[in-house]
**Q** 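I have a structure here, written as structure tokens, and I will follow up with some questions on it.
What you see is a predicted model; the values in this text were computed from it and never measured. Computed from heavy atoms alone, side chains included, the values below leave out hydrogens, waters and symmetry copies. Residues: numbered from 1 along the sequence shown.
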Amino acid sequence: RLAAGGANAAGESVDCAFRIAVCETRNERPLQDDSPGIALSQLAGAVTLKATGASEAKLAALGRVERIEGGLRVYPREGDSAPLVPALLEIALREGWKIESLRTEEGQLDEVFRRITLPLIMPGVFAGGTIVFIWSFTELGVPLVFDYARVAPVQIFDGLKGLDRNPIPYALTAVLLIVAAGVFALSKGVMGRSPLGTAPRPQGRSSSLRVGGWKSAGCALLFLGVFMVAAIPHLGVVLLSIAGRWYGTVVPDELTIRHYFEALGNGLVVPSIQNSLLYAGCATLVALVIGLSVAWVVVRSDLKSRGFLDAMVMLPLAVPGLVMAFGYLALSQEGKAFHFLVGAGGSPFLLIVVAYAFRRLPYVVRSAVAGLQQSNPALEEAAKSLGATPLRTLRRISIPLIGANLAAGAILAFAFAMLEVSDSLILAQQAQHYPITKAIYTLLSTLGNGTELAAALGVWAMVFLSVAIM
């Protein structure tokens, strides 16, 4: 069953952007009647048509026509990349055929993916690849652990001790920032002008494609392989934390849990856990207050600059963490703008809290914005009409409505702040101020069982992060 607009049986001009109100294919549920439809010019591959009065001769110009039990199957001409559906519908409507069904063939799924699905998802793929590249390019923890100094982040880290007289860290940080900005500009330039992201999307939900046999086994093996590759480092940390003796074998020769108890007795571990809890907790509170305020302005106000404000609070996701941490450190030196954030005895408490808060602020803002967009503003207006002040309306109406969203954003902000690497390694310079990640890095270079203690502390950190996310 097909309802198409843009032409009639009298042979008026046909618009290639036909509207499909009901589309039956082997892999899709019919769209709802109120669906905006899909552009037929996006459909590709062989097409099976069942229509009263359909003629093979009329369709011969489109390609090879084969009569089958379900109607007429039209195959595109060799080397012809133009989709068949618009031209086929033009003929059908012009000739006055009564169309009963129109289906793309299941064997053309690879063609549909290559010519339709992949171009549609390319902006998202390119954006994700851009973020992966920038975060990998500015990664500090991994090369430090492997003692590999021939990368810019490690060079910056090694130059922190002579920051007041060494201009090289400043220059390298500027290079990292320029590269990051250039990659994002390239991403926007290449994919930002693409009209694919603005194509209308159907309101109906497509059904899942069931696979069986060797296809099902292949998919399972693929995803299992990806999971195993991603899980190997975590498994290695767990095995190292319980290894009594491990040399020249795939798994430890002896297993023990004494490293966990020894870690608790280490003078660096317990204070680092306390510091991380304090830093992350305060940073989460700051991020909640600022994030809720920003979200309220973005969603509920009519300020012309609210879009710019929304973009600004999302910048920490685009700017490398190493660059932000180095900027905070450079501006907190004696006589600089942020020196007031350094406490007595060189305590970086306020500096780390501010760095953590703004680094994870996007999580809270996006969660709060989503909650406010989904909540009904009529309830807030009703409270104001009854004499409630804006603050009372926010406290009694708005916050309870978006409480789950705020909790989700706060949990993510807290969990990732607990395990922040760049800010922790750069801003915490004294042992009594070390957070967990700086303590792990320090333990790795400790003689004796420092590696095992670091692994035990790492397992605790992984368990905490997993619980927080779940």
Side-chain angles (χ1 to χ4, degrees), residues 128 131-132 134-135 138-141 272-299 309-325 327-328 338 341 348-375 394-395 398-428 433-440 457-458 460-470:
I131 293 178
V132 171
I134 291 178
W135 286 5
T138 59
E139 173 63 33
L140 176 61
S272 70
I273 296 176
Q274 295 173 344
N275 290 336
S276 288
L277 289 172
L278 186 60
Y279 297 153
C282 294
T284 301
L285 292 177
V286 173
L288 275 174
V289 173
I290 299 178
L292 179 59
S293 303
V294 170
W296 185 270
V297 172
V298 170
V299 179
L309 176 63
D310 190 21
M312 287 295 100
V313 297
M314 297 305 294
L315 273 182
L317 290 181
V319 179
L322 176 64
V323 173
M324 295 185 64
Y328 283 120
F338 288 168
L341 294 177
F349 171 76
L350 290 178
L351 193 63
I352 292 179
V353 167
V354 170
Y356 282 3
F358 283 94
R359 181 71 174 150
R360 305 305 169 189
L361 181 61
Y363 299 142
V364 180
V365 172
R366 290 273 63 84
S367 298
V369 165
L372 289 173
Q373 289 175 338
Q374 295 171 1
S375 62
L394 178 66
R395 180 173 57 89
S398 303
I399 292 181
L401 287 175
I402 64 173
N405 299 81
L406 292 177
I411 288 174
L412 284 177
F414 181 79
F416 284 102
M418 280 284 292
L419 303 179
E420 173 65 34
V421 176
S422 299
D423 292 331
S424 302
L425 293 180
I426 291 180
L427 299 180
H433 304 137
Y434 283 179
I436 289 179
T437 49
K438 189 65 176 282
I440 292 176
L457 185 55
W460 286 336
M462 286 192 298
V463 171
F464 172 80
L465 181 61
S466 300
V467 172
I469 293 178
M470 294 173 61

**Q** First locate atom CD of E139, then atom CD1 of I134, and finally report the distance between them rounded to the nearest 0.5 Å.
**A**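 Here the interatomic distance stands at 14.0 Å.
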**Q** Rounded to the nearest 0.5 Å, how far does CD1 of I402 lie from OG of S367?
**A**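 Reported value, rounded in 0.5 Å steps: 9.5 Å.
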**Q** For the atom pair CD1 (I426) and CG (L351), what is the distance rounded to the nearest 0.5 Å?
**A** 11.0 Å
**Q** Between F414 and I411, is there a side-chain heavy-atom distance shorter than 4.5 Å?
**A**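 I411 does not reach F414 side chain to side chain.
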**Q** Which atom names give the shortest non-hydrogen contact between H433 and P348, and what distance separates them?
**A**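 Shortest heavy-atom contact: ND1-CD, 3.2 Å.
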**Q** Would you give the length of the straight line joining atom OG of S276 to atom OH of Y279, rounded to the nearest 0.5 angstrom?
**A**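 So the gap between those two atoms works out to 8.0 Å.
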**Q** Closest approach of A280 and M418, non-hydrogen atoms and distance?
**A**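 Answer, listing the atom of A280 first, then M418: CB-CG, 3.7 Å.
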**Q** Do the side chain of T437 and the main chain of V421 share a donor and acceptor less than 3.5 angstrom apart?
**A** no
**Q** Any side-chain donor-acceptor pair under 3.5 Å between T284 and Y356?
**A**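 Absent: no donor and acceptor within the cut-off.
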**Q** Can you check whether L278 reaches F349 side chain to side chain, under 4.5 Å on heavy atoms?
**A**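 When only atoms from C-beta onward are counted, F349 and L278 do touch, with a gap below 4.5 Å.
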**Q** Indicate the atoms forming the closest heavy-atom contact of R395 with P400, along with that distance.
**A**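 Nearest heavy atoms, R395 then P400: O-CD, 3.4 Å.
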**Q** With side chain to side chain donor-acceptor pair (under 3.5 Å) as the rule and sequence neighbours excluded, what pairs involving residues 310-325 come up?
**A** D310-R366
**Q** Measure the shortest side-chain to side-chain distance between V354 and F358 over non-hydrogen atoms and say whether it is less than 4.5 angstrom.
**A** yes
**Q** When you compare the side chain of S424 with that of I352, does any pair of heavy atoms fall below 4.5 Å?
**A** no
**Q** Between atom CG of L427 and atom OH of Y434, what is the distance when rounded to the nearest 0.5 Å?
**A** 12.5 Å
**Q** When you compare the side chain of L372 with that of N405, does any pair of heavy atoms fall below 4.5 Å?
**A**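 No; the side chains remain at least 4.5 Å from each other.
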**Q** Please identify each residue that fulfils side-chain hydrogen bond (donor to acceptor under 3.5 Å, both in side chains) with S375, with sequence neighbours left out.
**A** R300
**Q** Please give me the minimum heavy-atom distance between A287 and L361, naming the atom from each residue.
**A** O-CD1, 3.5 Å
**Q** Any side-chain heavy atom of S272 within less than 4.5 Å of one from K438?
**A**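 The answer is no; the side chains never approach within 4.5 Å.
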**Q** I290 vs V364, test: side chain to side chain contact (heavy atoms under 4.5 Å, CB included). Steps then yes/no.
**A** CA-CA 9 Å; I290 299 178; V364 180; over 6 Å; no
**Q** Kindly compute the distance separating CE (M324) from CG (L315), expressed to the nearest 0.5 Å.
**A**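 That separation rounds to 8.5 Å.
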**Q** So do the side chains of Y328 and L341 get within less than 4.5 Å of each other, counting heavy atoms only?
**A**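 Not touching, per the 4.5 Å side-chain cut-off.
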